[in-house]
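Below, read A as the first sequence line, B as the second, and so on, with proteins coming before strands; counting in each chain starts at 1.
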There are 2 protein chains.
Amino acid sequence: MRPLFHPALEDIRPEAILYALSDPERAAIYAQLAGAAGGGTCSALGQLGDRVIPKSSLSNHFKVLRESGLILSERQGVEMRNQTRFAELDERFPGLIKAILIAYGQIPEQPKAG
Amino acid sequence: MRPLFHPALEDIRPEAILYALSDPERAAIYAQLAGAAGGGTCSALGQLGDRVIPKSSLSNHFKVLRESGLILSERQGVEMRNQTRFAELDERFPGLIKAILIAYGQIPEQPKAG
DNA sequence: TCCGTAGTTCAGAAATTCGGAACTGTTGAT
DNA sequence: ATCAACAGTTCCGAATTTCTGAACTACGGA
């Protein structure tokens, strides 16, 4: 298996982020990861609502998320642990990811501070 | 010519917004419109950098922007005036569009209030 | 070694995008 | 009224991308 490619923070392109999250299935996967503490595996996230995502499609979704810079994947034994790169990304593109998750209704809207 | 379709505010989908702006050419067009006071025409925005966008492609870009809910187009004489629906959209998806424009470097990063 | 599980790669079908050419709709001139 | 010029749309074929079942690779346990 080819080693997994992860872009360096400075190589992450906004168009890749938007493209990756413009697919509701991928956005839902990402949102799950953003919520899950441990780092989700592919199979754990393979069922969204009533549809079972075929595993080749799922693998591709993770690849798109990974190569866009949204997530970090590393093999751990027989499975793959995935976690978001939220903190890094929020530094590079302030407010972007949070605004997207809010737009999708995956996290409640933030009240203004103060 | 078919009448131009514009989605109602409540029908606008985040995936459509992200998809529309995941194309750097469309994002640049949108950013120009967001900056231009008057409402830009297709031909006025048909040249970005060194590339001349073919007019059928340009027409399609505007269609995608329009049908995603990002812009409002209306015929004015022989040409088409386009303007953003920024205010509306910002109400529906708070912070989203601004964060995207910032990510693309099209507007300077906003300082935190206070 | 052999088996089961997790995920990747391959390959062909289906869907999408791109853009040149033809077309529509509007204005202004004769 | 007719014509020409112009802005933008639609059509359609070529190229690209996406989707997913099937085959495959990688790891761990017995």
Side-chain angles (χ1 to χ4, degrees), chain A residues 1-6 13 15-16 18-30 32-33 36 38-68 70-83, chain B residues 1-6 13 15-16 18-30 32-33 36 38-68 70-83:
Chain A
M1 201 183 321
R2 282 169 213 149
L4 302 177
F5 173 73
H6 293 87
R13 316 258 22 157
E15 56 266 39
L18 298 187
Y19 173 75
L21 295 180
S22 73
D23 180 321
E25 227 161 54
R26 273 195 297 266
I29 290 170
Y30 180 83
Q32 290 279 318
L33 281 180
T41 65
C42 293
S43 52
L45 300 173
Q47 191 146 5
L48 296 167
D50 51 356
R51 167 168 146 83
V52 178
I53 304 173
K55 61 181 187 167
S56 57
S57 303
L58 202 50
S59 179
N60 189 56
H61 283 330
F62 277 95
K63 183 183 179 191
V64 172
L65 290 170
R66 185 166 56 239
E67 299 193 346
S68 72
L70 279 161
I71 67 172
L72 199 76
S73 311
E74 57 186 335
R75 182 147 218 161
Q76 212 150 68
V78 76
E79 62 195 12
M80 198 69 88
R81 313 301 300 191
N82 296 286
Q83 56 186 301
Chain B
M1 201 184 324
R2 283 169 210 146
L4 302 178
F5 172 73
H6 293 88
R13 317 258 17 156
E15 57 266 39
L18 297 188
Y19 173 75
L21 295 179
S22 72
D23 180 319
E25 228 160 52
R26 274 194 297 267
I29 290 170
Y30 180 83
Q32 290 279 318
L33 281 180
T41 65
C42 292
S43 53
L45 300 173
Q47 191 145 5
L48 296 167
D50 50 356
R51 166 167 146 83
V52 178
I53 305 174
K55 61 182 186 166
S56 58
S57 303
L58 203 49
S59 179
N60 189 56
H61 283 330
F62 277 94
K63 183 184 179 192
V64 172
L65 290 170
R66 184 165 58 238
E67 299 192 346
S68 72
L70 278 162
I71 68 172
L72 200 76
S73 311
E74 58 186 332
R75 182 149 218 161
Q76 212 151 67
V78 76
E79 63 196 10
M80 196 69 85
R81 312 303 298 191
N82 297 285
Q83 57 186 300

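As rounded to whole Å, 8 Å separates atom P of C:dC18 from atom CD of B:E25. For the pair B:L4 CG and D:dT9 P, the interatomic distance rounds to 7 Å; values are reported in whole Å. Distance NE2 (B:H61) to C1' (C:dG19): 11 Å, rounded to an integer number of Å. Rounded to whole Å, atom P of D:dC27 lies 13 Å from atom CD of A:Q76. Whole-Å rounding puts the B:E74 CD to D:dA7 C1' distance at 16 Å. Atom CG in B:L58 sits about 14 Å away from atom P in D:dT10, given to the nearest Å. Going from atom CG of B:N82 over to atom C1' of D:dG8 covers 11 Å, rounded to whole Å.
B:L4 places none of its side-chain heavy atoms less than 4.5 Å from the side chain of B:F62. Contact annotation: the side chain of B:Y30 never approaches that of B:H61 to less than 4.5 Å [non-hydrogen atoms, C-beta and beyond]. Side-chain contact check for B:R66 versus B:L72: every heavy-atom pair is 4.5 Å or farther apart.
The side chain of B:M80 lies closest to D:dT9 when the candidates are D:dT9, D:dA22, C:dG25. Side chain of A:K55, nearest nucleotide from D:dT18, C:dG7, D:dG8: C:dG7. Relative to the side chain of B:S56, the nucleotides D:dC27, D:dT18, D:dT10 differ in distance, and D:dT10 lies closest. Here D:dG8 is the nucleotide among D:dC19, C:dA6, D:dG8 with the atom lying nearest to any side-chain atom of B:C42. In the set D:dA22, C:dG19, C:dC18, the nucleotide with an atom closest to the side chain of B:D23 is C:dC18.
Listed pair B:S57 / C:dG19 meets the phosphate criterion, a side-chain N or O lying under 4.0 Å from OP1 or OP2. OP1 or OP2 of C:dG19 sits under 4.0 Å from a side-chain N or O of B:R51. Between A:S59 and C:dT8 there is a side-chain polar atom (N or O) within less than 4.0 angstrom of OP1 or OP2.
The only option from A:D23, A:L21, A:N82 that meets the side-chain contact (heavy atoms from CB on, under 4.5 Å) definition with A:L65 turns out to be A:L21.
Each of A:N60 and B:P54 lies near DNA chain C, and the nucleotide nearest A:N60 is the one positioned closer to the 5' end.
Counting non-hydrogen atoms under 4.0 angstrom, A:R26 reaches nothing in the nucleic acid.
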